[in-house]
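Single-structure report; data block below.
Whatever order the structure lists ligands and atoms in, that order sets their numbers, starting from 1.
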Amino acid sequence: MGIVSVCKVPEYRQDLLDAAVERHFEHVRADELIKPGMRVLLKPNLVRGCKPDTAVTTRAELLLAIIRKLRRMGITDIVVADSPGGLYTPAMLASIYSVSGLKALAGEAELNYNVGWKQVFCPEGFENRTFNIIEPILEADAVINVAKLKTHSMTMLSAGVKNLFGSVPGLQKPELHYRHPELEGFSNMLCELAKFVAPAITVLDAIDCMEGNGPTGGTVRHMGLTMAARNAFEQDAYASSLIGLKPENVAMLRIARERGWYHPAELTLMGDAAEPANPPFVLPDSAGVDFTGRLPGFMRGPASGFLKRVFRTLPRLDKAKCIGCGKCAESCPPHIIKIVNRKAQFTAKGCISCFCCQEMCPAHAIEVRRMLKL
Ligand code: SF4
Ligand code: SF4
């Protein structure tokens with residue numbers, strides 16, 4: 001039976017977070033999974049260098065509460081590691097730790113600067129035969145996935161499952177987008193990656209979340225919750241329904257359910273009763289093209305196919321905001337963005353609508369537009 005532990009935590013106060021993590025670990029019986037002598041890795045969501053109050057990255061206070069709990073459990077070997085978007089170098093990691101506030105954890109746990117990675121082979125039954133995974137994850141005895149609750153322009157939801165995309169080193173992430181240009185294939189890849197990394201526990205920072213054009217360009221939405229579960233799919237399905245996004249409309253969750261990796265009927269909630277977001281979270285602009293979730297079940301498939309044939313969503317540049325930094329071009333899987341006269345220049349041909357450019361743009365200069373296919 002799957003357990004999702006929920007705690008009301010109205011603000012990022014250390015004593016409240018310490019108490020919440022204590023309860024979460026008891027609910028999911030963390031002591032059965034994590035034992036003294038293990039090397040335990042905390043996997044935050046760092047995306048890119050954003051300040052803590054922007055709700056883009058996992059907050060250092062939550063990571064600290066987990067580190068303190070692990071110490072109380074007798075764990076001494078604790079590392080914090082993620083591969084954000086963009087270049088994966090020690091200098092880039094140092095910059096992101098500093099901006100996101102994680103640098104404050106340096107005296108509490110090891111902050112990873114090892115940018116090595118290895119190719120690993122996947123179990124039988126996976127469509128993805130291999131993944132390239134950052135070394136600290138492969139070297140850990142247990143991974144605690146510490147995600148942030150956000151809407152996402154491509155996958156609609158960014159939480160526990162999507163957070164594990166940061167197991168893939170830096171600019172190899174756009175290569176995976178290129179190999180899986182359709183949402184279905186990309187979501188299937190994310191599910192297999194999550195199963196491969198197999199975190200012992202997934203903890204969700206849902207105190208200050210993001211709605212709209214997440215994972216970096218949306219607006220802060222307060223929920224005042226933290227969650228924890230052994231099964232990231234179950235936790236994401238519950239979190240998704242809390243923000244007004246039906247799990248069956250999130251491709252990753254639908255695929256995971258179809259593959260038998262979580263069973264909605266078996267979900268048990270422990271802890272505090274949480275109120276669903278009212279009004280529901282604002283969805284990304286890219287979601288506007290697909291209204292099929294509101295149709296009766298028998299009409300969704302044909303309607304969705306029709307929309308895909310008729311419309312496409314593309315990034316649109318707000319030239320006035322563009323600072324010409326080139327982060328979008330660096331992360332564009334098919335390399336269709338050029339920097340000309342210190343401004344980004346897009347070509348629609350070849351665009352796979354992954355919105356990596358929007359995710360990595362520090363100036364919020366990229367919007368999403370819907371257009372008819374000609
Ligand atoms: S232009 Fe943006 S949305 Fe299109 S493929 Fe490149 S990164 Fe993805
Ligand atoms: S669109 Fe954004 S990421 Fe691209 S060059 Fe302009 S400011 Fe940088």
Side-chain angles (χ1 to χ4, degrees), residues 46-51 54 56-57 83-89 92 95-96 99-100 150-158 162 165-166 168-187 189-190 210 212-219 251-252 283-290 307-308 311-374:
L46 293 181
V47 196
R48 60 179 170 81
C50 294
K51 292 192 172 159
T54 56
V56 170
T57 55
S83 164
L87 290 173
Y88 184 49
T89 63
M92 194 55 77
S95 161
I96 292 175
V99 177
S100 65
K150 299 181 282 187
T151 47
H152 191 285
S153 288
M154 186 191 186
T155 57
M156 292 299 117
L157 179 76
S158 179
K162 179 69 176 61
F165 196 33
V168 174
L171 291 173
Q172 294 188 32
K173 286 190 276 293
E175 286 174 25
L176 275 176
H177 273 286
Y178 196 61
R179 263 170 49 196
H180 303 283
E182 296 289 338
L183 178 62
E184 194 74 9
F186 185 73
S187 300
M189 180 278 296
L190 289 175
M210 177 171 283
N213 291 326
T216 62
T219 49
M252 299 177 274
L283 295 181
D285 292 338
S286 55
V289 75
D290 192 348
L307 286 172
K308 276 184 194 147
F311 289 108
R312 64 185 305 203
T313 47
L314 290 170
R316 178 173 58 189
L317 182 74
D318 182 338
K319 239 182 171 177
K321 288 186 184 169
C322 178
I323 54 172
C325 66
K327 296 278 181 201
C328 53
E330 182 184 274
S331 302
C332 176
H335 305 294
I336 57 167
I337 307 174
K338 290 190 173 65
I339 306 299
V340 180
N341 297 328
R342 294 192 176 177
K343 296 286 176 191
Q345 204 172 74
F346 293 70
T347 42
K349 197 169 172 216
C351 177
I352 58 172
S353 301
C354 63
F355 305 110
C356 293
C357 50
Q358 189 187 45
E359 181 172 329
M360 296 310 293
C361 175
H364 303 304
I366 299 171
E367 297 161 358
V368 173
R369 71 182 157 141
R370 245 166 294 153
M371 58 184 286
L372 278 169
K373 283 184 187 173
L374 296 174

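- Counting only protein atoms, the N, O or S atoms lying less than 2.8 Å from atom 4 (Fe) of ligand 2 are C328 SG, ordered by chain and residue number.
- Here the protein heavy atom with the shortest distance to atom 4 (Fe) of ligand 1 is C351 SG, 2.3 Å.
- With a 4.0 Å cut-off on non-hydrogen atoms, P174 does not touch ligand 1 at all.
- At a cut-off of 3.5 Å, with distance as the only test, a side-chain donor of S83 or K173 sits close to an acceptor on the other residue.
- C332 lies close to atom 6 (Fe) of ligand 1, since one of its N, O or S atoms is found at a distance under 2.8 Å.
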Inset, instruction - Give the C-alpha distance, both sets of side-chain angles, the deciding distance and a yes or no for ring pair (Phe, Tyr, Trp, His ring centres under 6.0 Å) between F165 and H152. - result: CA-CA 13 Å; F165 196 33; H152 191 285; 9.0 Å; no

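- If you take CZ on F346 and SG on C357, they are separated by 4.5 Å, rounding to the nearest 0.5 Å.
- Scanning the protein heavy atoms around atom 3 (S) of ligand 1, the nearest turns out to be F355 N, 3.2 Å.
- No option in K343, Q345, R342 other than K343 meets the side chain to side chain contact (heavy atoms under 4.5 Å, CB included) test with C322.
- With S353 as the fixed residue, the side chain to side chain contact (heavy atoms under 4.5 Å, CB included) test singles out one of T313, L183, V368: T313.
- In plain terms, the two heavy atoms of G350 and P334 that are nearest each other are O-CG, 3.3 Å.
- Atom 8 (Fe) of ligand 1 has its closest protein heavy atom at C354 SG, 2.4 Å.
- Of all atoms in ligand 1, listed by their number and element, those nearer than 4.0 Å to a heavy atom of P334 are 5 (S).
- Contact annotation: the side chain of S286 never approaches that of M154 to less than 4.5 Å [non-hydrogen atoms, C-beta and beyond].
- More than 12 heavy atoms of other residues, nucleotides or ligands lie within 6.0 Å of NZ in K162, so this atom counts as buried by the packing criterion.
- Remark: the Q358 side chain and the S153 side chain contain an N/O donor-acceptor pair separated by less than 3.5 Å.
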